[in-house]
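Note sheet for the following structure.
Start at 1 with the first residue, then count along the sequence.
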Amino acid sequence: MGGEAPVPAWLYGHLRRWHYLSFLKEPSTLRLLDRVAQGTIDPVRISRLVRMVGDDLGLPLHQAVEGAKVRLSNRESDRVALDAIELDLPVTRVGFESWIADDLTAIDKVLEDVLARAGVAAGDIERVFATGGSSLVPAVRDRLAARFGRDKLVGGEELTSVAWGLAARAKQVYG
């Protein structure tokens, strides 16, 4: 035996997108996982990984993570649980926000760029329609509120806000 076998970083990268997990079932990856399993110092975690790949559990894992993310919008802590691989991990909103810190910075940069390119000051914006599930993340809403004012955030329409924004614009233009 050649000693400890680390899990390659690219493999974890594939886990970030559930639909990539099926591609991990190719023979070369399965051989790699077998070598890692033989040289691991943490057989429980590696056996979970091998089982996840072998049993095509990428979508259920993604759903468990997404569910915890959604619940963290209304709670300070939650759990990522997947019974099929005996996974039950505590997560906190603070921890989640630290994981997405780069994404939050990217949102700020995009907003700065868009406002600058449009020649519009943040204070001139009348309403902010945040769109999609990530717009429900408290840290995202806090960033938007800090830039534009909490009173300008349109709430409760995150999944239909594009239509609401178009309607508001049409009313402005056409009366």
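Summarising the geometry, atom CZ belonging to Arg147 is positioned 10.5 Å from atom CD1 belonging to Ile107; distances are rounded to the nearest 0.5 Å. The distance from atom CG of Leu24 to atom CG of Leu30, rounded to the nearest 0.5 Å, is 8.5 Å. Atom OG of Ser47 sits about 11.5 Å away from atom CG of Leu33, to the nearest 0.5 Å. The distance from the OG atom of Ser77 to the CZ atom of Phe96 is 14.0 Å, given to the nearest 0.5 Å. Of the inter-residue distances, the one linking Glu26 atom CD with Leu32 atom CG reads 10.0 Å to the nearest 0.5 angstrom. To the nearest 0.5 angstrom, Arg48 atom CZ is 9.5 Å from Arg51 atom CZ.
Gln63 places none of its side-chain heavy atoms less than 4.5 Å from the side chain of Glu66.
Not one N or O on the side chain of Thr29 forms a donor-acceptor pair closer than 3.5 Å with the backbone of Lys25. No donor-acceptor distance shorter than 3.5 angstrom exists from the side chain of Thr40 to the backbone of Ala37, with no hydrogens or angles considered. A distance-only check finds a donor-acceptor pair linking the side chain of Arg141 to the backbone of Ser135 [under 3.5 Å].
Trp10 and Val36 fall within the same hydrophobic cluster, defined by Ile, Leu, Val, Met, Phe, Trp and Tyr side-chain heavy atoms under 4.5 Å apart, directly or through other members. Tracing side-chain contacts under 4.5 Å through hydrophobic residues (I, L, V, M, F, W, Y), one never reaches Tyr12 starting from Phe23; they form parts of separate clusters. Put simply, Ile46 and Leu89 are part of the same group of oily side chains (I, L, V, M, F, W, Y) that touch within less than 4.5 Å, one to the next.
Each salt bridge (charged side-chain N to carboxylate O under 4.0 Å, His left out) pair with one or both residues in residues 86-100, not counting sequence neighbours, appears once here: Glu76-Arg93, Arg79-Asp88.
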*Go through the steps to decide whether Leu49 and Ile85 satisfy the test side chain to side chain contact (heavy atoms under 4.5 Å, CB included), and finish with yes or no.*
CA-CA 8 Å; Leu49 177 60; Ile85 57 171; over 6 Å; no
*Could you walk me through whether Gln38 and Arg35 pass the side chain to side chain contact (heavy atoms under 4.5 Å, CB included) check?*
CA-CA 5 Å; Gln38 290 175 21; Arg35 282 195 313 272; 5.5 Å; no
*How far apart are the C-alpha atoms of Leu153 and Phe148, what are their side-chain angles, what is the distance that settles it, and do they pass the side chain to side chain contact (heavy atoms under 4.5 Å, CB included) test?*
CA-CA 8 Å; Leu153 293 179; Phe148 299 106; 5.5 Å; no
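For the residue pair Leu104 and Arg143, the shortest heavy atom distance occurs at O-NH1, 3.1 Å. Closest non-hydrogen pair, Ala64 versus Arg71, comes out as O-NH2, 4.3 Å.
Checked against side-chain contact (heavy atoms from CB on, under 4.5 Å), Asp103 has the following partners two or more places apart in sequence or in another chain: Ile100. Residues that satisfy the salt bridge (charged side-chain N to carboxylate O under 4.0 Å, His left out) test with Lys152, not counting sequence neighbours, are absent from this structure. For the side-chain contact (heavy atoms from CB on, under 4.5 Å) test, residues two or more places apart in sequence or in another chain that qualify with Val91 are Ala68, Leu72, Asp78, Val80, Trp99. With sequence neighbours left out, the ring pair (Phe, Tyr, Trp, His ring centres under 6.0 Å) criterion links Tyr20 to His14.
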Please list, one pair per line, the donor and acceptor atoms closer than 3.5 Å that link side chains of residues 111-130 to other protein atoms, with sequence neighbours excluded.
none

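Summarising the local packing, CZ of Arg45 is surrounded by 12 or fewer heavy atoms from other residues, nucleotides or ligands at distances under 6.0 Å. The environment of Asp42 atom CG is dense: over 12 non-hydrogen atoms of other residues, nucleotides or ligands sit within 6.0 angstrom.
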